[in-house]
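A quick write-up on the structure given underneath.
All chains are named by letter (A, B, ...) in the order of the sequence lines, taking the proteins before the strands, and each is independently numbered beginning at 1. Bear in mind that the values here come from a model prediction, so they are computed numbers and not experimental data.
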Amino acid sequence: MKYWLMKSEPDEFSIDDLAACLPQSEPWQGIRNYQARNFLRDEVKTGDLVLFYHSSCKVPAVVGVAEVTSDAYNDLSAFDSQSAYFDPKSDKQKPRWVAVDIRFNQKLTRIITLAQLKADPKLADMVLVSKGARLSVQPVTEEEFNYIVAL
DNA sequence: GCCAACGTTGGC
DNA sequence: GCCAACGTTGGC
């Protein structure tokens, strides 16, 4: 089993929005970055756990945990000209982008802010706090995952 | 294949 | 809203 951190803008889709989907999972689509896509396609698997992170907001923070409930599948929103995620360059014969499903697992009782993560020497190697970490899907070690959830 | 211009992300 | 740090595009 692997561990991941996924970013979402709470104005677009927050941890509460994910919780409101229960008992259903929610398609995690719209990833339009190749490095993130490669993680989704090749390494994210059913049963993996995800730190849910709020970005581009007042207090950027890890706010909850989600579980991956599908392996990667073609992201159909890339073919929908009405979708904000429409990508005219993605060929239906050779889809460029993938999505996975995730399901709400828990909210952290206390959110762990980016400032806290940066200040914690135990998390100095986290991808999130490393230079220029704009990846919207990024790997987290088991140690980092358990440590953050326990905080 | 290089690289300049442009676009995006995301913290501050 | 600013801007640093990327990523992508497209001419050559």
Side-chain angles (χ1 to χ4, degrees), chain A residues 2-21 25-44 48-68 71-141 143-145 147-151:
Chain A
K2 292 199 174 77
Y3 299 88
W4 306 95
L5 181 144
M6 294 188 186
K7 297 181 183 177
S8 184
E9 302 189 10
D11 291 343
E12 299 288 327
F13 192 80
S14 72
I15 188 73
D16 291 322
D17 294 327
L18 184 65
C21 297
S25 298
E26 175 72 10
W28 192 255
Q29 56 190 12
I31 300 297
R32 297 292 178 265
N33 168 284
Y34 289 105
Q35 217 182 332
R37 189 278 311 269
N38 292 345
F39 279 130
L40 277 188
R41 184 190 58 194
D42 303 332
E43 297 195 49
V44 176
D48 287 357
L49 291 176
V50 174
L51 294 174
F52 197 93
Y53 177 84
H54 282 173
S55 67
S56 291
C57 56
K58 270 213 172 104
V59 184
V62 175
V63 293
V65 177
E67 181 183 346
V68 177
D71 293 353
Y73 55 89
N74 294 330
D75 184 348
L76 299 179
S77 70
F79 305 125
D80 177 3
S81 61
Q82 302 306 306
S83 168
Y85 302 129
F86 178 59
D87 179 3
K89 291 180 185 154
S90 185
D91 181 352
K92 279 193 182 174
Q93 306 307 318
K94 221 183 158 194
R96 181 180 291 198
W97 305 114
V98 298
V100 298
D101 290 339
I102 61 171
R103 186 174 58 211
F104 178 82
N105 179 305
Q106 61 162 306
K107 272 173 93 165
L108 298 185
T109 47
R110 278 186 297 268
I111 67 170
I112 309 301
T113 66
L114 180 60
Q116 278 178 270
L117 297 173
K118 281 182 171 170
D120 196 320
K122 286 201 178 66
L123 299 174
D125 292 332
M126 261 193 99
V127 176
L128 185 72
V129 303
S130 69
K131 198 174 148 191
R134 300 193 305 171
L135 264 185
S136 53
V137 177
Q138 51 184 252
V140 174
T141 68
E143 291 75 22
E144 289 162 353
F145 181 91
Y147 179 71
I148 289 171
V149 171
L151 280 177

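- Across residues 112-125 of chain A, A/Leu114, A/Lys118 each have a non-hydrogen atom less than 4.0 Å from an atom of DNA chain B (numbered order).
- Atom NZ in A/Lys58 sits roughly 15 Å away from atom P in C/dG1 (whole-Å rounding).
- In this structure, A/Lys7 does not reach the B/dT9 phosphate: none of its side-chain N or O atoms is under 4.0 Å from OP1 or OP2.
- Side-chain contact check for A/Tyr3 versus A/Leu51: every heavy-atom pair is 4.5 Å or farther apart.
- In this structure, A/Asn38 and A/Arg41 have side chains that are in contact, with non-hydrogen atoms separated by less than 4.5 Å.
- Across A/Ile112 and A/Leu108, no two heavy atoms sit closer than the pair CG1-CD1, 3.9 Å.
- A/Met6 places its CE atom 14 Å from the P atom of B/dG10, with the value rounded to the nearest Å.
- A/Asp75 contributes no side-chain N or O that, together with a main-chain N or O of A/Ala99, makes up a donor-acceptor pair within less than 3.5 Å.
- By the 4.5 Å heavy-atom criterion applied to side chains, A/Ile111 and A/His54 are not counted as neighbours.
- A heavy-atom distance below 4.5 Å is found between the side chains of A/Phe39 and A/Leu135.
- In this structure, A/Gln35 places its CD atom 14 Å from C1' of C/dT8, rounding to the nearest Å.
- Regarding A/Leu135, its CG atom lies at a distance of 9 Å from the P atom of B/dG10, rounded to whole Å.
- Taking atom CD on A/Gln138 and atom C1' on C/dC6, their separation rounds to 14 Å, with Å as the unit.
- Ranking C/dG7, B/dG11, C/dT8 by closeness to the A/Tyr34 side chain, first place goes to C/dT8.
- The distance between atom CG of A/Leu5 and atom P of B/dT9, rounded to the nearest whole Å, is 17 Å.
- Under the 6.0 Å cut-off for aromatic ring centres, A/Tyr34 and A/Trp97 qualify, their centroids lying closer than that.
- If you measure from atom CG of A/Leu128 to atom P of B/dG10, you get 10 Å, rounded to the nearest angstrom.
- At B/dT9, none of the side-chain N or O atoms of A/Tyr53 fall inside 4.0 Å of OP1 or OP2 (strictly under the cut-off).
- Dashed line: the shortest gap from a side-chain N or O of A/Lys89 to OP1 or OP2 of C/dT9 is under 4.0 Å.
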